[in-house]
K.L.:
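My questions will all concern the structure given below.
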Protein chains: 2
Amino acid sequence: MHRPGGARAGAARRVLDLLRAEGVISRVELAERTGLTAATITNTVRPLVADGLVGEVGRDPQPGRGQPRRLLRLVAGAWHAVGIQVDRTSATIVVLDFAGARVATANLPGTGGRGPDATVAALADHVDSLLDRAGVARSRVLGVGLVTHGPQDLERGVLLTAQPGPEWLEYPLTGTLAERLGLPVLLENDANAAALGEMWAGAPRTDTFGLIYMASGIGGGVIVDGEVYRGRASNAVEIGHVALAGGSRPCVCGGAGCAQAEAAPHTVVARALGDRVLAERFAVTGARDGTLADFDRIARAWRAGDADAAAMLERSAHWIGQAAVTLVNLFDLDTVVLAGPAFAVAGTLYRDHVAAALERRALGRALSGPRVHVSSNAGSAAAHGGALHVLRTMPVGAPPRLPAAEPARGGAP
Amino acid sequence: MHRPGGARAGAARRVLDLLRAEGVISRVELAERTGLTAATITNTVRPLVADGLVGEVGRDPQPGRGQPRRLLRLVAGAWHAVGIQVDRTSATIVVLDFAGARVATANLPGTGGRGPDATVAALADHVDSLLDRAGVARSRVLGVGLVTHGPQDLERGVLLTAQPGPEWLEYPLTGTLAERLGLPVLLENDANAAALGEMWAGAPRTDTFGLIYMASGIGGGVIVDGEVYRGRASNAVEIGHVALAGGSRPCVCGGAGCAQAEAAPHTVVARALGDRVLAERFAVTGARDGTLADFDRIARAWRAGDADAAAMLERSAHWIGQAAVTLVNLFDLDTVVLAGPAFAVAGTLYRDHVAAALERRALGRALSGPRVHVSSNAGSAAAHGGALHVLRTMPVGAPPRLPAAEPARGGAP
DNA sequence: GCCAATTATTAACCTGTTAAATTTAAGGTG
DNA sequence: CACCTTAAATTTAACAGGTTAATAATTGGC
């Protein structure tokens, strides 16, 4: 377990995590919250300050006597990280500073159609220009978190699925992108990435919870004690393919009654398309890459008070609720988060249904029934989490000194 | 994470685990299998030998040149542990020596009916007499692993379920038993205990697998990297209450279509009782505490070639298969073990059904489809695992010297 | 009897830890 | 104002567990 050089493990990692979550915090609070001793905090923080990763920013204006707590915070500009989420039909890129704040975002429609070579090249170009626009020096980027859907081999950095096309299977995804960008690239699952993001952004600060991610497909992620549950080979929580009571629709996985087949946006849209009147009222197009847009139209119709839209969404939410019950009972959780673009518009409807299902069926929750939340940034949570994954995983040493003149990009210091 | 005194953690624990699993093993193999350095092995083994927990037993007769490997093994008599499994209708007690071998077993029918006070007293009496009969000195017993079904609070050592009766809820179970016996008592779930037992006894030596435990009820356990997955509060893997596609029977948990309600022995027996002809042919009694006995009769009829019995069991196995698929997909496993008295007779039928279901529906298992095994000692696996849990969890130092004369109980040294 | 191969042990060191001083800076008090 | 009290931060020393690199021990083969 010897980790040489700059890879900060154990104490340092927990301190940085907490610093990132809280923004500004004193050493004493760091000790309390991490469970480490004050001595350990001192010894851990000292080199972080020396390396320019952490800075002191005044003192805690608390009334009592005694030496006031000196407040610490991450030096935002010390490092940056890039998060890229590639969906079937689009990509989202975010750039975070070392404190975890978003300094740039880009949305690229229509990414999946071309082959992997073209797609990776396009992504790299966009990362380049996004970093330039944000004025982030390449030498200060810690790495890239690449977030995709479906089974992956994290070690080798390849997808284990033939979607969007067979040429993606076993394509050296992280390798190619890393070489092109000259930066390390970490692969991560969309649901896990969103869950990591939720650890910081999430309203209810908890370190053990489950997450259901719904975009084109449905995925799940579980965080236990602040770490992603990975199972045997990091392809855990395939909640899109749990068989549900009452389900019957055939699924791409070969089974029937899967959550994916019953509840995913595609199914909701297909139902609308099946009824001429509804299809017209919701203006669903049925376009190959427009499932999520169609789904959003239905969701907006619901928000405008359309009863038929409500019925269709409730039918989907019913299945998500059932899946959540299974997730909670198997992993012993007390919080469930809903994330992903599909929850962006109708998140509250899903939340209420899931909460009701858990209320009825979750076991062992004698006290305090499970809580359900919709992710605050349901749309880009996964890309954000991918970048956070890089920030907390990659070894950090002192950031390199920048060359003499940094192109000043206006604004306050 | 400082563990004072005799509590051996990290290296020592891994060495003891491996020693217990392999029986006899050299230092070199110990280093290879644990991933620790040869030096660490030396430093770890030395105090274990000094404390009389590990002994050298000759050398490895390998052909090549060089210094031969010296073989090590646990000193069986150094310590002992007791495992008690309490079911609704009976209890099993086992005594293991330090090497994990069973030195005594007892089966007590009809335990649940009386209140907790009377039950605990009876259990303690039986432990006492079992230890006496086996000639195990009380001072050399490390502790007792108490194994029960359903939700528990491991910290406080109480059950969180009102079964078998409301007076069991919050009854100070481990406290009372520990005081009465003068030994530490650890509470554990039956499925987790059986899974722990399987780690050693199991044919396929793997450290990441799931287990389905079926007695009166259905429970689940997951082991990842040799450790029990516990979740938020150690009540994980409630697989008895996953909702299954096509299920509809109401369940005690308030839901419907639960694995428990569809597949448990009680349901199979109830179906037989519903048909006068079958009930007579299988000689099911429908007695309140005879569910498992009735179930065994049906299983034996299946083994004797009865087609109706086969149909009934296959119906149950169908649900177990579906539950196994959910377990494997959510926890990302490649091995499933079936354990518990319900699999004692018809284990192979269930195994075949579960294997077929996983073949069809398990994801991400591109290579090497998941394997399914029936526990070798399906009946007493849980009690055995409870005792093993004590052996590997309790701090071990040098065993106390026994008083001058130990009552010799005949037999070779 | 010596060499080569292999196993086991020792010594030095590195990281992170705890427990017990020690320092620091307010705030109160004579 | 000088001095004490107190809360908090920090340093120190000892130690725990693990690592590498060098050393010692044991044997088979020539």
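A note on names: the letters A, B, ... follow the listed sequences, proteins ahead of strands, and every chain is numbered from 1. Atom set for the values below is all heavy atoms of this structure, side chains included, hydrogens, waters and symmetry mates excluded. Owing to the predicted nature of the structure, the values given are computational and were not obtained by experimental measurement.
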K.L.:
Measuring from the side chain of B:Ala11 (C-beta onward, heavy atoms only), which nucleotide among D:dG18, D:dT19, C:dT17 has the closest atom?
P.N.:
D:dG18

K.L.:
For A:Arg156, which residues count as a salt bridge (charged side-chain N to carboxylate O under 4.0 Å, His left out) partner, sequence neighbours excluded?
P.N.:
A:Asp153, A:Glu170

K.L.:
Quick one: pull up CZ in B:Arg27 and CZ in B:Arg70 and give me the separation to the nearest 0.5 Å.
P.N.:
5.0 Å

K.L.:
Roughly, in whole Å, what's the span from CZ in B:Arg69 to P in C:dA5?
P.N.:
16 Å

K.L.:
What is the distance, rounded to the nearest whole Å, between atom CG of B:Leu30 and atom P of D:dG18?
P.N.:
13 Å

K.L.:
Considering only side-chain heavy atoms of A:Glu56, which listed nucleotide, D:dG18, D:dT26, D:dT10, is closest?
P.N.:
D:dT10

K.L.:
Is it possible for you to check whether A:Arg232 lies under 6.0 Å from the centre of the six-membered ring of B:Phe209, through NZ or CZ, and within 45° of that ring's axis?
P.N.:
no

K.L.:
Going by heavy atoms in the side chains, are A:Glu22 and A:Arg33 under 4.5 Å from each other?
P.N.:
yes

K.L.:
Could you state the CG-P distance from A:Leu71 to D:dA8, rounded to the nearest angstrom?
P.N.:
13 Å

K.L.:
May I have the distance from B:Arg13 (atom CZ) to D:dG17 (atom C1'), rounded to whole angstrom?
P.N.:
16 Å

K.L.:
Enter the distance from B:Leu196:CG to B:Leu211:CG here, rounded to the nearest 0.5 Å.
P.N.:
10.0 Å

K.L.:
So, does B:Thr40 get its side chain near the phosphate of D:dG18, meaning an N or O under 4.0 Å from OP1 or OP2?
P.N.:
no

K.L.:
Rounded to whole Å, please give me the gap between CD in B:Glu32 and C1' in C:dA8.
P.N.:
14 Å

K.L.:
Is the phosphate of C:dT24, meaning OP1 or OP2, less than 4.0 Å from a side-chain N or O of A:Arg70?
P.N.:
no

K.L.:
The side chain of B:Arg46 lies closest to which of these nucleotides: D:dT20, C:dA8, C:dT10?
P.N.:
C:dT10

K.L.:
Nearest to the side chain of B:Arg27, heavy atoms from C-beta on, is which of D:dT11, C:dT17, C:dA8?
P.N.:
C:dA8

K.L.:
Compare the minimum distances between each of C:dT7, C:dT9, C:dT10 and the side chain of B:Asn43, then state the nucleotide with the smallest one.
P.N.:
C:dT10

K.L.:
So, does the side chain of B:Gln67 form a donor-acceptor pair with the base of C:dA8 at under 3.5 Å?
P.N.:
no

K.L.:
Let's see if you can work this out: which of D:dT26, D:dT10, C:dT10 has an atom nearest to the side-chain heavy atoms of B:Thr42?
P.N.:
C:dT10

